Amino acid sequence: MTRVFSGIQPTGETHLGNYIGAMRQYVVDQHHHESLYCVVDLHAVTVEHDPEVLRERTLQMATLLLAVGLDPEVCTLFAQSHVPAHTQLAWLLECTASFGELRRMTQFKEKTATGGEGAARVGLFTYPVLMAADILLYDTDRVPVGDDQRQHIELTRDLAERFNGRYGPTFTVPSGFIPEVGARIMDLQDPATKMSKSRSSPQGKVLVLEDLASVAKKIKRAVTDAESEVRYDPAAKPGVSNLLSLLAVATGGEPAALAERYEQYGPLKADTAEAVVELLRPVQECHAELSRDPGHVAAALTRGAERAVELAQPVLERAQRAMGFLR
Ligand code: TYM
């Protein structure tokens with residue numbers, strides 16, 4: 001059976017891009033493949049953080065993943081720090097990766113663009129290697145992610161192939177699964193850049209748990225362009241195309257076909273706002289219910305970690321043996 005793995009950081013507040021580009025795929029995949037989903041709390045300390053907030057957000061992210069529809073009886077949901085094999089394998093892969101290839105990672109370059117490399121934590125630099133360890137540890141075939149993770153998936157494949165070439169067949173070489181529509185939800189105020197937890201302004205991003213009236217308002221005020229033609233053309237018309245992608249995902253349609261139904265931006269914005277509100281409403285209701293019983297979520301994470309350890313340990317040992325460690 002195909003094995004699926006994906007991870008999501010418990011930093012900032014989860015936005016529509018995370019939901020549409022990634023979480024939505026998790027929910028579908030869990031019913032078709034053997035699936036593991038990980039709240040990557042270790043990745044969250046690569047930048048400044050508050051320990052109390054990290055604790056809260058890790059549980060919140062797990063709650064949200066259950067609220068969007070993950071079923072802990074069907075998939076394995078766990079916190080990365082509960083499975084020590086992730087950091088153990090990361091070291092072996094750090095000794096497989098080169099300094100140069102990590103330096104080329106776009107996300108590292110972006111995140112150090114303002115503060116400079118000097119002050120960046122070493123963990124921020126080696127972050128993609130830990131991500132590769134997350135994936136390779138489970139003999140993963142398929143990794144559902146948004147478009148911004150493409151380069152990290154490529155690195156994971158390169159590291160797996162290099163390791164296998166040097167030490168003999170050890171890892172499954174995974175493929176990224178990036179949805180055709182919604183893999184890059186753009187900032188509502190600056191549609192040339194992606195919607196981002198850290199970089200988007202409050203008006204530019206829609207949070208999954210945001211008040212629904214505010215969600216509708218933000219979408220209706222989304223930046224489009226000076227023309228009035230409704231056309232799906234992400235390069236030339238990023239704002240309008242972003243709205244069409246949101247509408248397509250929320251209604252199950254296809255962006256180019258939906259564009260033909262509209263002659264003006266106003267009705268497109270109104271319909272998109274309504275569709276996104278209806279997409280988020282059941283998630284918010286379920287989240288409110290689950291939040292009343294945090295013990296239930298914590299227990300699901302504990303069970304998930306037990307299962308993850310069972311799967312990860314043999315793969316870690318396989319890699320250790322291949323690399324020459326006494327076992
Ligand atoms: P993170 O936590 O930043 O984002 C979680 C997921 O959301 C997707 N995403 C988007 N999709 C569409 N439009 C957007 N504007 C948008 N913004 C974010 C991301 O592509 C991602 O799929 N490095 C990863 C976490 C990670 C991971 C892993 C993922 C760690 N280990 C192993 C897969 C497998 C990250 O920072 O995602």
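FYI, side chains are in, hydrogens and waters are out, and symmetry mates aren't considered; it's all heavy atoms of this structure. These numbers were taken from a predicted model, which means no experiment stands behind them. Read the numbers this way: they start at 1 and go in the same order the structure lists the ligands and their atoms. For the single chain, residues carry numbers from 1 onward in sequence order.
A cation-pi arrangement, defined by a distance under 6.0 Å to the six-membered ring centre and an angle within 45 degrees of its axis, is absent between K220 and Y265. Remark: R142 qualifies as a cation-pi partner of F177 under the 6.0 Å distance and 45° angle criteria applied to the six-membered ring.
In terms of protein heavy atoms, atom 12 (C) of ligand 1 is closest to A183 O, 3.1 Å. Shortest contact from atom 22 (O) of ligand 1 to any protein heavy atom: G146 N, 3.1 Å. Ranking protein heavy atoms by distance to atom 36 (O) of ligand 1, first place goes to Y127 OH, 2.6 Å. Of the protein's non-hydrogen atoms, Q149 NE2, 3.8 Å is the one closest to atom 37 (O) of ligand 1. With respect to atom 28 (C) of ligand 1, the closest heavy atom belonging to the protein is M131 CG, 3.4 Å. Among all non-hydrogen protein atoms, the one lying nearest atom 13 (N) of ligand 1 is I185 N, 2.8 Å. Of the protein's heavy atoms, N18 ND2, 3.7 Å lies nearest to atom 9 (N) of ligand 1. What sits closest to atom 3 (O) of ligand 1 on the protein, heavy atoms only, is Q9 NE2, 4.2 Å.
In terms of N/O distances under 3.5 Å, ligand 1 is not approached by S6.
For the atom pair NZ of K218 and NZ of K205, the computed distance is 8.0 Å after rounding to the nearest 0.5 Å.
L243 is listed as a side-chain neighbour of I219, based on a closest heavy-atom distance under 4.5 Å. Taking 4.5 Å as the limit, some side-chain heavy atom of L16 sits within range of a side-chain heavy atom of M195.
Ligand 1 places these atoms under 4.0 Å from at least one heavy atom of H43: 30 (C), 31 (N). The ligand atoms of ligand 1 that sit less than 4.0 angstrom from a heavy atom of D134 are 28 (C), 30 (C), 31 (N). Per-residue contacts place I135 under 4.0 angstrom from the following atoms of ligand 1 (heavy atoms of the residue considered): 32 (C), 34 (C). Near G182, meaning under 4.0 Å from one of its heavy atoms, ligand 1 places the atoms 12 (C). The I8 neighbourhood of ligand 1 comprises atoms 2 (O), 5 (C), with distances under 4.0 Å to a heavy atom of that residue.
Taking only non-hydrogen atoms, the option from D148, V145, T156 nearest to atom 19 (C) of ligand 1 is D148. Looking at G21, C38, G17, S245, it is G17 that brings a heavy atom closest to atom 10 (C) of ligand 1. Counting only non-hydrogen atoms, the option in S198, A22, G7 that gets closest to atom 29 (C) of ligand 1 is G7.
Using a 4.0 Å cut-off between charged nitrogen and carboxylate oxygen, D141 and R3 do not count as a salt-bridge pair. A salt bridge between R103 and E117 is present, with a side-chain N of the basic residue lying under 4.0 Å from a carboxylate O of the acidic one.
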* Evaluation steps, side-chain contact (heavy atoms from CB on, under 4.5 Å), between N18 and I8 -> CA-CA 8 Å; N18 301 127; I8 188 159; 4.2 Å; yes

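H43 pairs with exactly one of H86, Q9, Q80 by the side-chain hydrogen bond (donor to acceptor under 3.5 Å, both in side chains) rule, that one being Q80.
Contacts between V143 and ligand 1, counted as non-hydrogen atom pairs separated by less than 4.0 Å, involve the side chain only. Contact annotation: for M186 versus ligand 1, there are no heavy atoms closer than 4.0 Å.
When atom types are taken as modelled, the side chain of R162 and the backbone of T96 share a donor-acceptor pair closer than 3.5 angstrom.
Closest of all the heavy-atom pairs between A85 and Q313 is CB-OE1, 4.4 Å. For R104 against Q151, the heavy-atom pair with the smallest separation is O-NE2, 3.2 Å. The nearest pair of heavy atoms linking E94 to V129 is N-CG1, 3.5 Å.
Ligand 1 is approached by H15 to a heavy-atom distance shorter than 4.0 Å. Taking a 4.0 Å cut-off on heavy atoms, I20 fails to register as neighbouring ligand 1.
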